[in-house]
Amino acid sequence: MLGKNRVIFPGDKVLLALSGGPASSAMLRQVQEGLSRETAKRLRFIPSLIYVDEGAVRGQSPAQREESLARMETLLQATGFPYHLAHLEQALELPASILRPGPGGSGEPGPSYKEAVEGFIQQQRQEGDRDGGTSLPSLGTRVGDPAAPRLPAAARTQELLRLFEAVETPTAREELLQMLRIHLILQTARTRGYAKVMTGESCTRVAIKLLTNLALGRGAFLAVDTGFVDDRHGDVMVVRPMREYMAKEIAFYNHFFDVPTVIAPPLPTKRREKPSIHRLMERFLLGLQEDFPSTISTVYRTGEKLSPAPAKASSESQRCLLCLCALDIAGEEELALEPTLITEEPEGNGCCQDPAAAGAESRAAFIPLLCYSCRLTFKELGPLATLPPYVRAEARRRIRRAEMEQQSQEVPLEDEEPGES
Amino acid sequence: VISSLLVHCFYFRGGAELLFDGVKKHQVTLPCQPEPWDIRNLLKWIKQNLLKERPELFMQGESVRPGILVLINDADWELMGELDYKLQDQDNVLFISTLHGG
């Protein structure tokens with residue numbers, strides 16, 4: 001899969017995103033196997049691992065979270081690769097820059113894949129690499145401060161829980177979770193210099209995601225959301241190497257090869273809530289698959305035919321604030337959405353001395369920054385005050401920028417003081 | 001024919017164990033009964049005696065919920081007759097949940 005797609009170059013630093021679930025655990029095992037092979041087909045990149053503890057929003061008690069983390073850490077250490085442990089709570093501390101695409105590839109084209117592989121093999125031979133690969137330490141080391149306490153501060157956890165409790169529907173909650181997770185992983189990748197991230201979505205998961213995202217209004221972005229390569233972030237590329245393996249195959253593989261997993265409970269649904277679109281679609285597809293065993297592969301193969309739209313020179317003002325995909329709403333369609341927009345009172349009545357800031361903080365001001373499906377999700381998120389600071393900061397920045405652009409267009413040929421940045 | 005007591009190990013993995021108090025391995029002696037112990041009856045028995053919560057997450061109708069794999073002695077139950085397979089003494093049955101990704 002990796003050789004066929006030729007996007008992972010020898011010597012690339014790759015971050016493996018592990019959830020502890022069967023597919024990402026199988027992916028880890030495959031990477032270990034691939035790196036240790038003596039043949040020419042040996043994998044040649046440099047992996048590190050990351051595990052994000054989402055126990056707070058998945059209804060785990062601190063004791064249960066500690067236990068999952070301990071089991072996961074043992075698993076990660078045994079691989080010998082460097083690993084990161086993160087908590088979803090850290091998403092609350094992300095910088096606003098995470099919502100901006102990083103610089104893409106360098107100006108000059110690099111070596112072709114074939115040249116890069118040949119060059120790498122030459123280099124290895126010159127260095128007298130006899131054992132056929134870098135020998136790993138027997139125990140992996142944790143990147144970051146090993147003395148840091150296992151779980152985040154309770155106040156942070158409360159803040160995160162408040163954010164999730166305020167969300168009105170399970171569908172929006174799932175979308176929010178995915179968004180926070182990928183931003184957190186992306187931040188680690190960016191700050192540590194990983195050019196690539198591997199996520200373990202199985203064929204089954206990709207097929208479900210394809211139809212779910214269609215139902216969520218993300219039809220324009222199916223190729224990026226489910227394809228092998230997801231390069232919306234510019235400097236960090238997300239790849240999905242497990243997308244050809246069915247969940248059933250992975251389950252059998254894990255059973256026969258003793259692949260360890262640490263299963264986390266699913267997002268809890270409140271008593272009177274209907275299940276999320278994600279759950280419904282999973283139920284639908286798996287149910288069909290029972291009687292029609294080619295269902296999943298047919299959906300997958302149809303999705304394979306989609307390719308991402310050619311990258312236009314997209315400035316950040318043309319990208320969605322939350323999902324970083326191209327804004328797909330033309331002017332006219334906004335009129336159809338207008339009756340559904342509820343203009344709310346600006347947040348923090350009384351503490352807003354600056355009317356401009358109050359205006360910038362209203363929900364309606366966010367809408368033009370979002371693509372169609374993110375608008376739907378956004379409307380189901382809680383009050384602005386509960387949203388993560390980085391989202392609000394970046395939104396404020398873009399709103400202000402748009403206002404300034406508008407103002408400079410309206411006032412012709414005057415020397416203006418530079419506005420507040 | 002008097003059937004001898006059947007001793008079995010049932011395993012629950014992939015998240016399925018969460019429905020069984022987190023216990024992954026259950027060693028069980030099934031009681032004697034006139035009806036044969038096929039998987040159909042076994043599932044009824046499991047639902048009554050082992051399943052601790054949310055039966056709809058494990059079973060659908062008389063079979064397991066789509067997304068839950070059943071392995072009888074490490075073989076896919078589809079090869080063994082699914083619900084009609086008659087349990088033999090010392091058979092191991094493994095239930096793996098493939099729901100909720102990974």
Side-chain angles (χ1 to χ4, degrees), chain A residues 17-28 58-60 64 67 174 178 199-206 208-209 242 245-256 258-267 269 275 278-279 282-293 295-296, chain B residues 8-26 39-40 43 50-85 91-102:
Chain A
L18 304 174
S19 65
S24 53
S25 304
M27 177 175 80
L28 174 58
R58 289 176 180 273
Q60 281 186 313
Q64 287 170 321
E67 201 213 312
E174 294 266 4
Q178 285 179 29
T199 57
E201 283 121 306
S202 66
C203 183
T204 308
R205 187 58 37 197
V206 162
I208 294 170
K209 192 169 183 186
M242 302 300 285
Y245 304 120
M246 306 276 293
K248 183 168 176 173
E249 293 176 305
I250 290 172
F252 273 94
Y253 177 80
N254 289 356
H255 173 62
F256 289 129
D258 275 317
V259 175
T261 58
V262 178
I263 308 285
L267 269 188
T269 320
H278 309 70
R279 290 277 150 267
E282 179 186 51
R283 207 185 297 170
F284 172 62
L285 276 182
L286 293 183
L288 264 187
Q289 177 77 6
E290 286 284 300
D291 294 320
F292 305 97
T295 303
I296 301 275
Chain B
H8 305 283
C9 274
F10 303 136
Y11 300 86
F12 301 92
R13 298 261 174 79
E17 66 272 21
L18 295 174
L19 302 172
F20 295 87
D21 256 348
V23 178
K24 291 197 170 139
K25 176 177 173 176
H26 300 253
I39 303 288
R40 192 176 281 110
L43 287 177
L50 291 183
L51 198 50
K52 295 296 174 198
E53 56 183 275
R54 314 283 301 277
E56 72 278 6
L57 294 184
F58 185 70
M59 304 219 15
Q60 185 168 292
E62 60 174 12
S63 180
V64 287
R65 189 180 168 192
I68 300 204
L69 303 179
V70 185
L71 274 74
I72 302 169
N73 298 328
D74 280 354
D76 191 347
W77 74 331
E78 286 178 31
L79 303 171
M80 314 285 271
E82 291 197 22
L83 292 170
D84 297 322
Y85 172 78
D91 272 349
N92 292 334
V93 186
L94 165 62
F95 299 90
I96 307 181
S97 168
T98 62
L99 303 168
H100 315 312

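Computed from a predicted model, the values in this text were never measured in an experiment. Throughout, a chain's letter reflects where its sequence line sits, starting with A, and its residues are numbered from 1.
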Next on the checklist: Need one label for B/Gln60: side chain, backbone, both or neither, based on atoms under 4.5 Å from any heavy atom in chain A.
Outcome noted: neither
Item to check | B/Phe10 ring center within less than 6.0 Å of B/Phe20 ring center | outcome: no
Item to check | Best-contacting candidate, A/His255, A/His278, A/Gln289, against chain B by heavy atom pairs under 4.5 angstrom | outcome: A/His255
Checklist entry - Backbone N or O of B/Glu78 within a donor-acceptor pair of the B/Asp76 side chain at under 3.5 Å? => result yes
Checklist entry - Which bit of A/Leu286 is near chain B, if near means a heavy-atom gap under 4.5 Å: side chain, backbone, both or neither? => result both
Checklist outcome for this item: Closest heavy-atom pair, A/Arg58 versus A/Pro265, reported as atoms and distance to 0.1 Å, is NH1-O, 2.8 Å
Item to check | A/Ser19 versus A/Ser24, side-chain donor and acceptor atoms under 3.5 Å | outcome: yes
